[in-house]
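Presented below is the structure to which this report refers.
Within every chain, numbering begins at 1; the chains are lettered A, B, ... in the order of the sequence lines, protein sequences first and strands thereafter.
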Number of protein chains: 2
Amino acid sequence: MITHKAKDIFKDYLFEKGLRNTRQREEILNVFFSADKHITVEELFNMLKKTVPGIGYATVHRNLILLCECGLAEEIKIGKQKSRYEPKFGHEHHDHLICMKCGRFIEVNDDKIEKLQDKLAEANDFSPVRHKLEIYGYCKECR
Amino acid sequence: MITHKAKDIFKDYLFEKGLRNTRQREEILNVFFSADKHITVEELFNMLKKTVPGIGYATVHRNLILLCECGLAEEIKIGKQKSRYEPKFGHEHHDHLICMKCGRFIEVNDDKIEKLQDKLAEANDFSPVRHKLEIYGYCKECR
DNA sequence: GACCATGATGATAATGATTATCATGAACAT
DNA sequence: ATGTTCATGATAATCATTATCATCATGGTC
C-alpha cells in the first residue's frame, strides 16, 4: 500500500539530491509499494511494463537502488538467489524464517533476541549497527 | 591445522561416492585447512599454485564444493562479496560480527540466542534446521 | 606390471545477475 | 521558450560462478 508519506519522502530525497521526478519514478514507487513483499528487479520490471510500456530494465534497477538509498526499500540477498527488494516505509525491522522447500519467507521479530545480540556484540568490543538473522528450515505446509 | 581425521573423512567420502584421490585433492585439503579462515576460491587458488604448479581454478572451485558436501567446509556469502569458505572440522556452529569498515569477521557464539531462535521458529509453526546470524557494525579498531 | 574404464584435471567458454555506457529524450529553473 | 543537466532505454561490459570437453591419471583387474 503506497502512502502519501512515502511519496513525500521520495520526492524530498530527489529534491535534496538535485534529481528529477519522472513518470517512471512515480510508477516504480507505486507498483513497488503495492506489490508483494520481496520482489525481484525482474518481477517488478514485468509488472511495470503494463503500466509504463517501453520502460527499461536498467531504469527499474537504478531506481530500486535509489529507493534503498532513501530508506524506502531494503535489498535482501539470500545465498545465491537474485536480489529481492522489500518496501520499508512504516515497517520496523524483522528477521526471516526461510522455508528450504517452498522458499517462502516468514517475517518475525523478537525483542529478547535483539537485546541479546547487542550484548553479545558489546562483549566483543563491537559496536552493532544492524543485523541479519535468517533461520532456515521447513514451514508448516512443507515439513 | 589439518588433522589426520579430516583427511580420513575426506577419503572416506571419496570412496563412498566412487571418486578418486588425487594429488590436487590432497593439497587442496592441506592448504585449505592450514590457511586463514574465510578464504575465497581465488585466494586458495593462488596459494595452491605454489604447491601444485599448473593447478586450475576450476579444480580448486570444484573441490571446495566437494569439501562442503562432505561437511569439511562451509560456504559463506555476505552481501555481494564473493563466496568465502571456512574449514569446519572440529568447529561448532558460530555467528559472525562483521566490521563494516575493515571487513574483518569475529566469530561468536551465544547459547541463549540459539535457544530463543528455536522458540521463535516453533512459535511460527516452523521447523528450524540451521540459521545464519550476522551482526554488522564496527570493531574495536575501527569504531 | 600392463590394461582399461571412468573419473579428474585444466583451459576455456558459457552463464546469469548486476552494473556501466552513451545517444537521445525529458524535467525544471530561468 | 530555452538551455542545462539529469533520466531513460538499449545494449554492452563486468565479474563471479559454473559448464564443457579433450586429455590425463587413478585404481581396480587380469
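A:Thr59 comes within 4.0 angstrom of a nucleotide base, judged by non-hydrogen atoms across all strands. Counting any heavy atom pair closer than 4.0 Å across all strands shown, B:Arg25 reaches sugar-phosphate atoms only and no base atom.
Protein atom CZ of B:Arg84 is 13 Å distant from nucleotide atom C1' of D:dA16, rounded to whole Å. For the pair A:Glu42 CD and C:dT15 P, the computed distance is 17 Å after rounding to whole Å. Atom CZ of A:Phe45 and atom P of D:dT8 are 13 Å apart (whole Å). Protein atom CZ of B:Phe15 is 16 Å distant from nucleotide atom C1' of C:dT6, rounded to whole Å. As a whole-Å value, the separation of B:Lys11 NZ from D:dT26 P is 13 Å. For the pair A:Glu75 CD and C:dT19 C1', the computed distance is 12 Å after rounding to whole Å. A:Arg62 has its CZ atom 10 Å from the C1' atom of C:dT19, to the nearest Å. Atoms NE2 (A:His61) and C1' (D:dA7) sit 16 Å apart, rounded to a whole Å.
At C:dT19, one or more side-chain N or O atoms of B:Lys80 fall inside 4.0 Å of OP1 or OP2 (strictly under the cut-off). Close to C:dT9, at under 4.0 Å from its OP1 or OP2, lies a side-chain N or O of B:Asn63. The shortest distance between the side-chain N/O atoms of A:Gln24 and the OP1/OP2 oxygens of D:dG9 is below 4.0 Å. For C:dT18, one of the phosphate oxygens OP1 or OP2 lies less than 4.0 angstrom from a side-chain nitrogen or oxygen of A:Ser83. Side-chain N/O atoms of B:Asn21 include none lying less than 4.0 angstrom from OP1 or OP2 on D:dA25. Not one side-chain nitrogen or oxygen of A:Gln81 sits closer than 4.0 Å to the OP1 or OP2 atom of C:dA17.
With contacts defined as side-chain heavy-atom distances shorter than 4.5 Å, the pair B:Ile135/B:Asp95 does not qualify.
Between A:Tyr57 and A:Phe45, the ring planes are perpendicular. Angles over 60° get that label, and only those under 30° would be called parallel.
Across B:Asn30 and B:Lys7, no two heavy atoms sit closer than the pair OD1-CE, 3.4 Å.
The base of D:dC6 lies close enough to the side chain of A:Arg20 for a donor and an acceptor atom to sit less than 3.5 Å apart.
Checked against the 6.0 Å centroid criterion, the rings of B:His131 and A:His96 do not qualify as a close aromatic pair.
For the salt bridge (charged side-chain N to carboxylate O under 4.0 Å, His left out) with B:Arg84, the qualifying choice from B:Glu42, B:Glu75, B:Glu43 is B:Glu43, the only one to do so.
Between D:dA7, C:dT9, D:dT17, one nucleotide has an atom nearer to the side chain of A:Leu19 than all others, and that is D:dA7.
Take the nearest nucleotide of DNA chain D for B:Tyr57 and for B:Thr22: the residue whose nucleotide is more 5' is B:Tyr57.
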